[in-house]
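Encoded as C-alpha cells, the structure appears first; notes follow it.
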Amino acid sequence: MPELPEAEVVRRGLERWTVGRRVETVEVLDPRSLRRHIGGPGDFVQRLQGASILDAVRRGKFLWLPVALASGDELALMMHLGMSGQALIQGDDQPDERHLKVRLGLSETPDGLPGQLRFVDQRIFGGMFLDPLEPTADGHPGGRGALGLPLIPEHAAHIARDPLDPDFDPSAFHAALRRRKTGIKRALLDQGLISGIGNIYADEALWSAQLHYARPTETMTRPETQRLVEAVQDVMARALEAGGTSFDSLYVNINGESGYFSRSLNAYGRAGEACPRCEAEGRDGVIVREQFMNRSSYRCAVCQRRPRRARY
DNA sequence: CAGCCATCCTGGGGGC
DNA sequence: TGCCCCCAGGATGGCT
C-alpha cells in the first residue's frame, strides 16, 4: 500500500529515469485511470505528446512531473498510486503488464535508458491527470515557472507538508491538532493536516508513541505530539531505507522490485502476536485488530489503552 | 464549516 | 472444483 516512503521510492526512480526526456507518444489503455483528467483521454494524449519532463516532485502521497508542453505551457503531470498503482520503466520489448493503463514513449538517451514509462494499476484507485501549476506562498519546490516563482499543482495545493519535508512544522501541527475535535488516527490520516500517512504507518506510529487511535486530538499534550511526530518520522525514514513496505507484488519500485520493510512492522498485520515492547519489558500485551473507519486498526491491548474519553 | 461516511475498484482467499 | 462473500484502503463529494 503506497504511503509516503513508497511514493518517495517511486519519485527517486522517476527523477533518475525520466527527467530531461521528452514524451514522444502517449497511449491510454484504460480511460478509468484518467478519471480525474477533466478533458478526457483525447485531450490528455494531445496535450502531453511532445512535452519535456523537467523534474520529479512529491508532496505526501502525490507525485508529479513538471513538464513543458509542446505549446510552451508548463504544467504538472500528476500521478497518484492509490492502492495498487505502479510507475514502471520498461523497454519496448517488455510484454504489457496485465493491468497496464497508460504508456508513455520517451525520447532516446545517449546511455540507452529503457524507452517507456508505464502506469499500471489493478484497483484503479490511482490515476494520472494534467494539472495547472499555480504560485504557492510557502515556497514548496513544486517546480519553477518562467518567473522563477515556486509552483504547485492546483490539486496538491490543499495537501499539508509531510513529516519528512524539512519545512514541516511540529509546533504548527500541534496547534492544529488542539483545534480539532476528532480522534488522533483520523487526524493522522487527514492529508490536509499532515500528509503522507496511511493506515500502515498510522498504526505503526501510534504503537511507537503508545497512543490509542481514539485519543481526542484536543487533549494532546506537547510532549505527546512530539513523541508522535518523531515516531512518524522514524518509521518513515526506516521504511524508506528498506525500499518501502510491500505485502505482495502490488507495490513495487520503478524497476518492479518490492521493498522489505513489512518484516519490521511492530503492530500492523500482527493480530494475535505478542506486542514486541511488552515482550521486551516482561508484560503480556497482545496485538489486537479492530474495525475503525471502515478499515483494520492494530494496537497493543496493554500499552495502547483506550482513553476514558474516546473520539472515533 | 467541521466532521464523518459512502463510494469507487479488483483479485486473492476462505468457507461451503 | 466452483461459487459467493469478504477484505484491502486513498481521496473525494455529499450529507448532517
Side-chain angles (χ1 to χ4, degrees), chain A residues 1-8 10-11 29-38 58-64 76 78-87 97-102 119-129 131 153-160 162-163 175-206 213-219 232 236 239 244-252 258 262 265 267-272 289-298 309-312:
Chain A
M1 322 314 129
E3 303 181 29
L4 184 153
E6 295 73 34
E8 175 60 16
V10 171
R11 190 203 66 78
L29 293 96
D30 188 341
R32 290 177 298 176
S33 290
L34 297 184
R35 205 179 285 127
R36 297 184 64 192
H37 184 78
I38 309 296
R58 180 189 58 75
R59 182 183 276 206
K61 305 170 199 170
F62 278 88
L63 292 164
W64 63 92
M78 292 282 276
M79 204 178 303
H80 200 293
L81 302 177
M83 274 290 289
S84 54
Q86 307 175 345
E97 291 74 11
R98 177 154 177 211
H99 301 290
L100 177 61
K101 304 298 183 187
V102 179
F119 185 75
V120 176
D121 193 7
Q122 178 196 108
R123 294 181 194 162
I124 330 182
F125 273 33
M128 294 175 122
F129 59 104
D131 204 26
E154 196 178 297
H155 287 84
H158 68 292
I159 303 296
D162 62 63
L177 278 183
R178 302 267 314 185
R179 283 193 300 269
R180 284 293 176 99
K181 289 186 185 301
T182 189
I184 189 62
K185 185 169 176 181
R186 275 186 195 283
L188 286 180
L189 295 175
D190 183 341
Q191 306 297 302
L193 201 54
I194 181 171
S195 71
I197 304 173
N199 202 38
I200 298 173
Y201 296 113
D203 280 2
E204 288 301 302
L206 290 169
Y213 55 77
R215 172 63 185 273
T217 49
E218 69 269 32
T219 67
V232 172
M236 285 187 165
T245 298
S246 187
F247 295 104
D248 47 37
S249 58
L250 280 189
Y251 164 71
V252 293
S258 290
S262 63
L265 297 174
Y268 185 88
R270 300 204 178 278
R289 172 176 175 263
E290 291 160 331
Q291 284 301 119
F292 173 64
M293 290 179 75
N294 252 339
R295 62 199 61 188
S296 291
S297 279
Y298 298 87
R309 277 187 50 237
R311 277 194 185 277
Y312 297 95

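Every chain is numbered from 1 and lettered A, B, ... according to where its sequence line falls, protein lines coming before strand lines.
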Handout entry: Rounded distance (Å) that lies between atom P of C:dG10 and atom CG of A:L193
Key = 16 Å
Problem - Nearest-Å distance for atom pair CG/P, residues A:D190 and B:dC4 - result: 11 Å
Exercise for the section: Pick base, sugar-phosphate or nothing for A:H158, based on heavy-atom distances below 4.0 Å to the nucleic acid. Expected result: sugar-phosphate
Exercise for the section: Using whole Å, report how far CZ of A:R59 lies from P of C:dA11. Expected result: 14 Å
Practice task
Answer with yes or no whether the side chains of A:D121 and A:S33 bring together a donor and an acceptor at under 3.5 Å.
Solution key: no
Problem - Carboxylate-amine/guanidinium proximity below 4.0 Å for A:D162 and A:K61 - result: no
Practice task
Examine C:dA11: is either OP1 or OP2 under 4.0 Å from a nitrogen or oxygen in the side chain of A:H80? Give yes or no.
Solution key: yes
Problem - Between A:S297 and A:K185: side-chain donor-acceptor atoms closer than 3.5 Å - result: yes
Problem - Protein-nucleotide distance (A:Q191, atom CD; C:dG13, atom P), rounded to Å - result: 15 Å
Problem - Candidates B:dC4, C:dC7, C:dG9 - which lies nearest the side chain of A:R289 - result: C:dC7
Handout entry: Integer-rounded Å distance: B:dC4 C1' and A:F292 CZ
Key = 11 Å
Exercise for the section: Determine whether the side chains of A:T245 and A:Y201 contain a donor N or O and an acceptor N or O closer than 3.5 Å. Expected result: yes
Problem - Under-4.0 Å side-chain N/O to phosphate OP1/OP2 contact, A:Y268 with C:dG9 - result: yes
Practice task
Using a strict cut-off of less than 4.0 Å between a Lys/Arg side-chain nitrogen and an Asp/Glu carboxylate oxygen, indicate whether A:R58 and A:E8 qualify as a salt bridge.
Solution key: yes
Pairs under 3.5 Å (N/O, protein and nucleotides 14-16 of chain C):
none

Practice task
Scan side-chain atoms only and decide if A:T182 and A:R311 contain a donor-acceptor pair under the 3.5 Å cut-off.
Solution key: no
Exercise for the section: May I have the distance from A:I159 (atom CD1) to C:dG10 (atom P), rounded to whole angstrom? Expected result: 13 Å
Handout entry: Any A:S84 side-chain N or O less than 4.0 Å from OP1/OP2 of C:dA8
Key = no
Practice task
Measure across A:R59 and A:I159 and return the closest heavy-atom pair with its distance rounded to 0.1 Å.
Solution key: NH1-O, 2.6 Å
Exercise for the section: Measure across A:V232 and A:A205 and return the closest heavy-atom pair with its distance rounded to 0.1 Å. Expected result: CG2-CB, 3.4 Å
Practice task
Assert yes or no for the condition that the ring centre distance of A:F129 to A:H80 is strictly below 6.0 Å.
Solution key: no
Handout entry: Between B:dA2 (P) and A:R180 (CZ): distance, integer Å
Key = 8 Å
Problem - Distance-only donor-acceptor check, side chains A:E204 and A:Y298, under 3.5 Å - result: no
Problem - Residue-phosphate contact under 4.0 Å: A:K61 side-chain N/O, C:dA11 OP1/OP2 - result: yes
Practice task
Pick base, sugar-phosphate or nothing for A:R311, based on heavy-atom distances below 4.0 Å to the nucleic acid.
Solution key: nothing
Handout entry: Atom pair distance, as rounded to whole Å: CE in A:M293 and C1' in C:dA8
Key = 15 Å
Practice task
If a protein heavy atom is under 4.0 Å from the base, mark B; if only from the sugar-phosphate, S; if neither, -; do that for nucleotides 7-14 of chain B going 5' to 3'.
Solution key: -BBBS---
